[in-house]
*Asks:* 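Structure incoming, see below.
Every number for a ligand or one of its atoms is a count from 1 in the order of the listing.
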Amino acid sequence: MATKKSTKYSVCTVCDIGCQLRTEAADGKVSRVIAHDNPALAPNICYKGTAVPLIHNHKERLRKPLKRVGERGEDRWEEISYEQAMDEIAQKLGAITQKYGPESFAVSTSGWNTQTTHSLDRRFMNLLGSPNWISGVALCAGNTAAVNRLTYGWFPMADFASTNCIVLFGHNPRKHSWTPIYNAIRGAKARGAKVIVLDPRVSDQAEDADMHLRLKAGTDAAMCLGWLKVIFDERLYDAEFVRDWCTGFDELKQRVDEYPLERVAEITGVPADDIAAAARLYANADGAVIPWTPITDQQLSSTSAIRLHSILRAVTGNLDVVGGETLGGFSESYIPESEIGLHERLPLAQKEKQLGYHDHPAFTYRAAEMLKEPTEKVWGLPYADIVMGCQMANPTNVFRAMATADPYPIKAFFCLGNNALLSYANQHQIHAAMQNQELIVAHEIFMTPTAMLADYVLPGDVFTERNHIADSWSWSTRLALSQKVVDAPEEASSTFQFWTDLAHRMGFADEFPWTSLEDILDYRLSRSGRTFAQFESETFMELAPPKFRKYRDKGFATPSGKVELSSSVLGQMGFDPLPYYRELPSRPEEFPYLVFTGVREDPFFQTGQRNIESLRRRMPTPSLYLHPSDAEKEGFADGDWAKLSTPQGSVTAQIAIYHTMKAGHIRVPHGWWYPELRGAADLAGAFISSDAVLCSDEDEWLDHEQGVPHFKGFPGKLEPTQQPAQLTRTQPADWQANPAVEEHAAS
Ligand SMILES: Nc1nc2c(c(=O)[nH]1)N[C@H]1C(S)=C(S)[C@@H](COP(=O)(O)OP(=O)(O)OC[C@H]3O[C@@H](n4cnc5c(=O)[nH]c(N)nc54)[C@H](O)[C@@H]3O)O[C@H]1N2
Ligand SMILES: Nc1nc2c(c(=O)[nH]1)N[C@H]1C(S)=C(S)[C@@H](COP(=O)(O)OP(=O)(O)OC[C@H]3O[C@@H](n4cnc5c(=O)[nH]c(N)nc54)[C@H](O)[C@@H]3O)O[C@H]1N2
Ligand code: SF4
Ligand SMILES: [Mo]
C-alpha cells in the first residue's frame with residue numbers, strides 16, 4: 001500500500017525556546033522531524049527535537065482520561081470518557097469554590113508545551129475570582145520579566161544580530177540546549193563580538209569566552225555592583241541618557257560607593273583587576289547585551305541582581321538601541337494574551353488575596369497594579385503578561401496555603417503541562433500540599449509523579465496535533481507558524497479545549513465564544529485583517545521591524561516615565577528602592593559545600609524525557625559534579641554513589657569528577673525521577689534524586705521582594721552510599737520491558 005506522507009511547519013515545544021522546524025507524517029503518525037527549509041532557521045534543531053516521533057508516538061503516552069480509584073498517589077485508575085471527566089471536574093470545582101471561596105482554586109502551568117492556552121486559564125480564573133495562578137516561569141524568564149518592568153517598564157530582548165559584546169551571567173546555551181541562542185552567540189562571535197562569562201565552573205560558553213570570571217555561586221548582585229563602581233568612577237556611563245532619562249542616579253551612586261572593588265573581590269572571590277577589566281570591556285563596547293539568564297532569577301538577591309542587569313543596560317546606553325537590548329512592546333498584528341486574560345475583571349479585593357501579594361509582591365498583582373497606568377500609556381494595555389509572568393501568585397505561599405490553610409485554604413489544584421511536585425522548592429511541602437487537596441486535575445502527556453497524585457488525569461495533545469501561531473508571550477514580536485500534521489488521540493484535548501469546556505460548564509459560555517483553535521487564531525489575527533488560513537498559506541514567520549529609542553515618544557512605562565534606577569514601586573511596597581547584595585545565611589559547619597542546581601542536561605528538558613530510550617541512553621543516571629580536590633578529600637572516585645544532604649533533605653546520585661568544577665561547589669541536576677520505577681517505587685522514584693527535595697523555602701532562603709528560593713549556593717554535605725536497590729533497574733534492558741507499566745496497561 002502506498003504511504004501517505006505530508007510535511008508541515010512546526011514550532012517544537014520539547015523545550016521552551018521554540019525552534020521552527022518541519023515535521024513529517026506517514027500513515028497518520030509523526031515519522032520524522034527535519035530542519036526548516038529557510039536557511040536562517042535551519043540550524044535551529046537539536047537531538048531532542050529530532051526525537052519527537054519517539055516522544056509523540058510513545059507507548060506510554062496518555063490516551064484516555066483517567067479517574068483515581070486507589071488512595072491519592074497510589075497510581076490506580078479507571079478509564080472514563082472526556083465528557084464524563086469534565087462534568088465531574090466542573091461539578092467538584094463548583095462545590096469547592098462555593099464552600100471555600102474562589103481563591104481556594106489554584107493552577108500551576110508552564111504554558112510553552114501546552115502552547116494553546118491563549119490565556120484562557122487566566123480568563124477563567126479571573127471571571128471565577130481566583131488570583132492564585134503559579135507557573136514554572138516564576139523561576140525562569142517570567143519573574144525576570146516582572147522585575148525588569150520595575151526599572152524601565154518592559155522586558156528587553158538582546159539584539160544578538162548587531163551586538164559587539166555579550167555578557168553571560170551563568171547562562172550557558174549549547175548545541176543541544178537552547179540551540180537558537182547558541183547559534184546567535186556563535187554568529188555574533190564570528191562577526192567579532194566579545195563574550196564575557198561569569199560562572200563558577202568552566203562551562204561550555206566559558207571555555208572559549210574572551211573573559212571568564214569564576215565568581216562564587218550566588219554572588220552575581222555583588223559582581224554587578226562592582227561593575228557599576230568601575231563604570232561610575234571611570235565615567236564610562238552614558239551621562240546624557242542618565243541625565244535625561246533616569247531617576248535616582250545620585251542615590252544609586254551612593255549605594256554603589258558602598259561596594260569598593262576590594263569588597264566585591266572578597267564577596268565574589270574574583271580578583272579586583274579582573275572585575276574592572278570586564279566592566280570596562282562591557283561599558284566600552286559599541287552595543288553590548290546582558291541576555292536573560294535563569295541564574296539571577298533563582299537567588300537570594302534575585303530582585304537586586306535582575307535590577308542591576310537592567311541598570312547596567314540603562315546607564316551604559318544600551319537600552320533600545322541597535323546592538324543593545326530592545327523593548328518590543330505588544331505585537332500589533334496578534335491580540336496578546338494580556339488582553340485575553342481579562343485581568344481587569346478580577347476585583348481588587350480578590351487581587352489583594354493573591355498569595356504573596358503582601359509579603360513578596362514583586363511579580364504579583366500588587367506591583368502590576370502600580371504599573372498599570374504607565375503600561376497602558378506607553379504600550380496600550382494595562383496588564384502585560386510578558387513571558388506569562390507579571391501577575392502571578394508566589395508558589396511557596398501557594399503550597400503553604402495548600403498544606404496548612406494559612407492564610408486560607410486552597411482545596412482545588414490543577415496542573416497543566418507542569419510537573420509541579422519536582423518543579424519548585426521544598427518537594428516535601430509540595431507533596432503535603434497535594435495530599436491535602438479535595439480535587440487535583442492533571443493535564444499531561446505522560447504519567448508523571450505529579451499526575452500520579454491527581455484525581456483526574458486528562459491526556460493532552462502535542463504540537464504535531466494542533467494548529468498554532470507561536471508568539472514569544474510578548475517578549476519579542478515574532479509570530480511563528482505551527483501546523484497540525486496528525487490527529488490527536490480521540491479523547492485527548494488541547495488546553496484551549498479544556499478551559500473552554502470547563503468555562504461552558506461553569507456559566508461562562510458567553511465569555512468563551514471560540515469554537516476551535518483555528519477560531520481563536522482567527523480572532524487573535526483579526527486586527528491585522530487576516531485569518532489563520534491566510535496566515536498559514538503565506539507566512540511561516542513574521543517579525544515586526546525593530547524601532548529604536550521609542551521612549552522618546554511616550555517615555556518608559558514606569559510611574560515616573562523614566563528609567564528608575566531607584567525604584568518607586570519597590571519603595572512604595574516597603575522595600576529598599578536601591579539594589580544591594582544580601583549575604584547568605586551562615587552555613588552550619590557540618591555543611592561545607594555550596595550546592596547549586598542547574599546545568600541543564602542536553603538529553604532532557606527539565607523533568608521530562610527520562611522515558612525516551614534514545615535520549616536516556618545518553619544519560620542513564622543523574623550526576624553530582626565535584627572538583628577533583630574535593631573528590632580526593634571526600635574519598636570519592638568517578639561513578640561512586642553518594643548521598644547529598646542539605647538542612648532540607650537528601651538525594652542520591654553518582655559522583656562525576658570534573659576539573660572544570662569550582663572547588664567547594666557541588667552541582668545537583670534538576671528534575672530527576674525514574675519513569676521505569678513506576679509501580680516499583682513511591683511516585684516513580686520522585687524523591688530519590690530530585691533537586692527540589694534539597695531546596696529550602698524558609699524565609700531566610702527566599703529573595704525578599706519576589707520570594708523566589710535560592711538555588712545557587714545552599715549548604716550541603718556528601719557521604720558515600722550504595723546504589724539504591726531500586727535503581728539497579730535503571731538499565732536500558734528494563735526500559736523495554738517495564739512490568740509495572742505493562743501490568744497496568746493490561747488491567
Ligand atoms: N526545583 C527546581 N524547580 C525548578 C527549576 C529547577 O532548576 N529546580 N527550574 C525552573 C525552570 S528554569 C523552569 S523553565 C521550570 C520548568 O517547569 P515545567 O515547564 O513544568 O517543566 P517540565 O519539567 O518540562 O514539565 C512539563 C510537563 O509538561 C508535560 N508536557 C509536555 N508537552 C505537553 C503538552 O503538549 N501538553 C501537556 N498537557 N503536557 C505536556 C511534560 O510531560 C512534563 O511533565 O521549572 C522551574 N522549576
Ligand atoms: N537540553 C536542555 N536545554 C535547556 C533546558 C533543559 O532542561 N535541557 N532548559 C531550558 C531552560 S527552561 C532554561 S531556564 C535554560 C537554563 O540553562 P542555562 O541558562 O544554561 O542555566 P543552567 O544550565 O541552569 O546553568 C548555567 C551555568 O550557571 C552556572 N552557575 C551556577 N550557579 C551560578 C551562580 O550563582 N552565578 C553564576 N553567574 N553562574 C552560576 C553553572 O555552573 C552553569 O554552568 O536552559 C534551557 N535549555
Ligand atoms: S532546542 Fe531542541 S528541544 Fe528545544 S525547541 Fe529547539 S529543537 Fe526543540
Ligand atoms: Mo527555565
*Asks:* Where does F605 meet ligand 2, judged by heavy-atom distances below 4.0 Å: at the side chain, the backbone, both, or neither?
*Replies:* both
*Asks:* Purely on distance, is any nitrogen or oxygen of T597 under 3.5 Å from one on ligand 2?
*Replies:* no
*Asks:* Which residue and non-hydrogen atom of the protein lie closest to atom 8 (N) of ligand 2, and at what distance in Å?
*Replies:* F604 O, 2.6 Å
*Asks:* Is W292 touching ligand 2 with its side chain, its backbone, both, or neither, if touching means heavy atoms under 4.0 Å apart?
*Replies:* side chain
*Asks:* What protein heavy atom lies closest to atom 3 (N) of ligand 2? Include the residue and the distance to one decimal.
*Replies:* S177 OG, 3.0 Å
*Asks:* Taking only non-hydrogen atoms of Q298, do any sit less than 4.0 angstrom from ligand 1?
*Replies:* yes
*Asks:* Within the structure, is a non-hydrogen atom of D297 found at a distance of less than 4.0 Å from ligand 1?
*Replies:* no
*Asks:* Hey, is ligand 2 close enough to G218 that some N/O pair sits below 3.5 Å?
*Replies:* yes
*Asks:* If you measure every N/O of F596 against every N/O of ligand 2, is any gap under 3.5 Å?
*Replies:* no
*Asks:* Using a 4.0 Å heavy-atom cut-off, which part of R667 comes near ligand 2: side chain, backbone, both, or neither?
*Replies:* neither
*Asks:* Got the closest protein heavy atom to atom 24 (O) of ligand 2, with its distance?
*Replies:* V599 N, 3.3 Å
*Asks:* Using a 4.0 Å heavy-atom threshold (strictly under), name the region of L215 that reaches ligand 2: side chain, backbone, both or neither.
*Replies:* side chain
*Asks:* Identify the closest protein heavy atom to atom 21 (O) of ligand 2: which residue and atom is it, and at what distance?
*Replies:* P294 CG, 3.6 Å
*Asks:* Assess whether atom NZ of K64 is packed by more than 12 heavy atoms of other residues, nucleotides or ligands within 6.0 Å.
*Replies:* no
*Asks:* Does R610 count as lying over the ring of Y674, i.e. NZ or CZ under 6.0 Å from the six-ring centre, within 45 degrees of the axis?
*Replies:* no
*Asks:* So for C695, does at least one of its heavy atoms come nearer than 4.0 angstrom to any atom of ligand 1?
*Replies:* no
*Asks:* Between C140 and ligand 2, which residue portion shows a heavy-atom distance shorter than 4.0 Å: side chain, backbone, both, or neither?
*Replies:* side chain
*Asks:* Hey, do the aromatic rings of F446 and H58 have their centres closer than 6.0 Å?
*Replies:* yes
*Asks:* Relative to ligand 1, is M447 under 4.0 angstrom through side chain, backbone, both or neither, heavy atoms considered?
*Replies:* neither
*Asks:* In a check of side-chain contact (heavy atoms from CB on, under 4.5 Å) between D121 and each of T495, L416, T109, which one passes?
*Replies:* T109
*Asks:* Report yes or no: does a heavy atom of L416 sit under 4.0 Å from some atom of ligand 1?
*Replies:* no
*Asks:* Identify the protein heavy atom lying closest to atom 10 (C) of ligand 2, giving its residue, its atom name and the separation to 0.1 Å.
*Replies:* W178 NE1, 3.4 Å
*Asks:* Just heavy atoms, cut-off under 4.0 Å: does H176 contact ligand 2 by side chain, backbone, both, or neither?
*Replies:* backbone
*Asks:* Is W673 close to L421 at the side-chain level, that is, under 4.5 Å between some pair of heavy atoms?
*Replies:* no
*Asks:* Going by the angle between their ring planes, with limits at 30° and 60°, are Y658 and Y625 parallel, tilted or perpendicular?
*Replies:* tilted
*Asks:* At a non-hydrogen distance cut-off of under 4.0 Å, which region of T293 contacts ligand 2 (side chain, backbone, both, or neither)?
*Replies:* neither
*Asks:* May I ask whether F463 has any heavy atom positioned less than 4.0 angstrom from an atom of ligand 1?
*Replies:* no
*Asks:* Specify the protein heavy atom at minimum distance from atom 42 (O) of ligand 2: its residue, its atom name, and the distance to 0.1 Å.
*Replies:* D199 OD1, 2.7 Å
*Asks:* Taking only heavy atoms of R466, which atoms of ligand 1 are found under 4.0 Å from at least one of them?
*Replies:* 35 (O)
*Asks:* Hey, does L422 sit under 4.0 Å from ligand 1 if you only count heavy atoms?
*Replies:* yes
